[in-house]
Amino acid sequence: MEKRSLTGIIIGTILGIFLLVIALTSWYTVDESEQAIILTFGKIDEEVSTPGLHFKLPWPIQKVEKLSRETFSLQFGYKEENGKVVASNEGDTKMITGDENIVLADMVVQWKITDPAKFLYRSYEPEQILYNATSASLRSVIGSSKIDDALTSGKAKIEADVRESLTALMKKYDIGISILAVKLQDVDLPNDEVRKAFTNVTDARETMNTKINEANKYRNKRTKEAEGEKDALISQAEADKVARIEKAHGDVAKFNALYEEYKNAKDITKQRLMIETLEQVLPYTRIYIMNDDGNTLKYLPIQPIEKQTTEKKAEKGSGNE
């Protein structure tokens with residue numbers, strides 16, 4: 001009787017433990033920040049992404065693997081904790097640019113798990129694969145870039161090219177990872193001497209750009225002044241043209257009037273024109289009107305007569321006073 005009771009207790013205990021295992025392993029919960037896959041005898045059965053309480057067959061028939069939906073950060077070339085860099089790997093960050101200069105470049109990659117099954121069972125250490133792919137992509141892009149681009153204004157393009165290359169590699173490897181963003185953290189030169197030399201080159205380039213900007217500013221100023229002078233000369237030329245045209249019209253009218261007089265009295269008009277011409281050509285020459293009748297040369301001294309007449313008028317004026 002005691003033996004049967006002991007056997008019953010053992011069987012009951014085993015049955016209770018079995019039922020407890022079934023009860024504890026037949027349900028599971030998925031948070032909003034999680035995703036899960038169900039394995040049936042070690043084979044992937046389904047993926048679960050809906051948050052809440054879910055049921056499955058008890059262990060060891062089915063098993064649940066949960067993964068986070070959060071965005072992960074891969075720190076390439078350095079390690080950061082609590083906002084401070086605690087370690088750096090110069091061997092990973094040292095690279096050669098396309099113009100054969102050495103730079104140190106580190107990067108952070110934002111990524112997510114988009115296919116839990118592939119992430120868990122398609123590859124061994126997928127995060128290490130991502131790290132190596134990041135190194136290959138960054139070295140490839142830096143190796144085709146100039147040092148000026150890497151250190152100054154070309155960082156945005158380098159980041160875009162690295163993201164494109166890294167995305168293509170993840171698609172090729174097909175390990176369930178999607179790339180969200182890449183960001184260059186720091187690009188620097190390997191030692192103080194190289195850094196100083198590059199700084200001098202950069203300063204010289206900035207000085208050159210400043211001089212070019214000043215020259216362009218002066219050129220624009222002189223160009224505007226020249227355009228103003230050109231417009232003024234054109235306006236003056238237009239005014240001179242109008243004045244000359246009007247003067248020509250007046251000369252034509254004067255000539256036509258003179259020609260009409262000439263037709264009426266040719267000899268008198270001809271002599272008057274000759275005398276006026278002489279007065280214009282020789283303004284300080286005395287003019288004598290002479291008459292040659294063949295025997296005696298007679299002339300009329302107009303200027304002395306005019307002088308005597310003027311003196312007499314002056315004397316009379318002073319006598320009246």
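This chain uses plain numbering: 1 for the first residue, then up along the sequence.
- Side-chain atoms of Lys66 come within 3.5 Å of backbone N or O of Thr29 as a donor-acceptor pair.
- To the nearest 0.5 angstrom, Ser33 atom OG is 7.5 Å from Glu70 atom CD.
- Pro126 and Ile177 get closest at one heavy-atom pair: O-CD1, 4.1 Å.
- A 4.5 Å side-chain heavy-atom check between Leu39 and Val64 finds every atom pair outside the cut-off.
- Of the N and O atoms on the side chains of Asp99 and Thr97, at least one donor lies less than 3.5 Å from an acceptor on the other residue.
- Note that CD of Gln185 is 6.5 Å distant from CG of Asp106, once rounded to the nearest 0.5 Å.
- Counting only heavy atoms from C-beta outward, the side chains of Asp92 and Phe76 approach each other to under 4.5 Å.
- A side-chain donor-acceptor contact under 3.5 Å links Gln110 and Ser73.
- Counting only heavy atoms from C-beta outward, the side chains of Leu166 and Leu130 approach each other to under 4.5 Å.
- Taking CG from Asp31 and OG from Ser68, the interatomic distance works out to 10.0 Å, rounded to the nearest 0.5 Å.
- The hydrophobic cluster containing Tyr78 does not contain Leu104, counting ILVMFWY residues as joined when their side-chain heavy atoms lie under 4.5 angstrom apart, directly or transitively.
- Criterion: ILVMFWY side-chain heavy atoms under 4.5 Å apart, direct or through other members. Under it, Met170 and Leu180 are not part of a common hydrophobic cluster.
- Side-chain contact between Ile113 and Gln35: present, with at least one pair of heavy atoms (C-beta onward) separated by less than 4.5 Å.
- At distances below 3.5 Å, at least one donor-acceptor pair connects side-chain atoms of Asn216 with backbone N or O atoms of Ile212.
- In this structure, CD on Gln236 lies 12.0 Å from CD on Glu229, to the nearest 0.5 angstrom.
- When Asp45, Leu67, Leu120, Asp115 are each tested for a side-chain contact (heavy atoms from CB on, under 4.5 Å) with Ile37, only one passes: Leu120.
- Residues satisfying the salt bridge (charged side-chain N to carboxylate O under 4.0 Å, His left out) criterion with Glu164, sequence neighbours excluded, are absent altogether.
- Within the 4.5 Å cutoff, no side-chain heavy atoms of Asp188 are placed close to those of Val103.
- The nearest pair of heavy atoms linking Glu32 to Arg69 is O-CD, 3.3 Å.
- In this structure, Glu225 places its CD atom where more than 12 heavy-atom neighbours from other residues, nucleotides or ligands lie under 6.0 Å away.
- A 4.5 Å side-chain heavy-atom check between Asp161 and Ile158 finds every atom pair outside the cut-off.
- Here the shortest heavy-atom pairing between Gly77 and Thr93 reads CA-CG2, 3.5 Å.
- More than 12 non-hydrogen atoms from other residues, nucleotides or ligands lie less than 6.0 angstrom from CD of Glu214.
- A distance of 8.5 Å separates CE of Met208 from CD of Glu206, quoted to the nearest 0.5 Å.
- Salt bridge status for Lys241 with Glu238: present, with a side-chain N to carboxylate O gap under 4.0 Å.
- Nearest heavy-atom pair, Met107 versus Val162, reported as atom, atom and distance to 0.1 Å: SD-CG1, 3.7 Å.
- A heavy-atom distance below 4.5 Å is found between the side chains of Leu151 and Leu189.
- Taking each heavy atom of Ile142 and Ala150 in turn, the nearest pair found is CD1-CB, 4.3 Å.
- Through direct or relayed side-chain contacts under 4.5 Å between Ile, Leu, Val, Met, Phe, Trp and Tyr, Val252 connects to no other residue.
- No more than 12 heavy atoms of other residues, nucleotides or ligands lie within 6.0 Å of NZ in Lys183, so this atom counts as exposed by the packing criterion.
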**Message:** Quick one, Lys118 with Ile175, criterion side chain to side chain contact (heavy atoms under 4.5 Å, CB included). Give me CA distance, side-chain angles, the key distance, then yes/no.
**Reply:** CA-CA 5 Å; Lys118 292 179 180 180; Ile175 57 176; 5.7 Å; no

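- Judged by distance alone, with hydrogens and angles left aside, the side-chain atoms of Ser140 form no donor-acceptor pair with the main-chain N or O of Ala136 at under 3.5 Å.
- In the displayed structure, Phe72 atom CZ is contacted under 6.0 Å by more than 12 heavy atoms of other residues, nucleotides or ligands.
- Remark: the Ser135 side chain and the Arg139 side chain contain an N/O donor-acceptor pair separated by less than 3.5 Å.
- Nearest heavy-atom pair, Ala105 versus Leu138, reported as atom, atom and distance to 0.1 Å: O-CD2, 4.0 Å.
- Taking CD from Glu100 and CD1 from Ile96, the interatomic distance works out to 8.0 Å, rounded to the nearest 0.5 Å.
- Of the charged side-chain nitrogens involved, none lies within less than 4.0 Å of a carboxylate oxygen, so that Arg244 and Asp240 do not count as a salt-bridged pair.
- Contact check on Asp174 versus Arg122 returns a salt bridge, with a Lys/Arg side-chain nitrogen under 4.0 Å from an Asp/Glu carboxylate oxygen.
- Both Tyr173 and Trp111 belong to a single network of hydrophobic side chains, linked directly or stepwise wherever heavy atoms of I, L, V, M, F, W or Y lie under 4.5 Å apart.
- The pair Lys63-Glu65 meets the salt-bridge criterion, since a charged nitrogen lies less than 4.0 angstrom from a carboxylate oxygen.
- Put simply, the side chain of Val182 reaches to within 4.5 Å of the side chain of Ile179, judged on heavy atoms.
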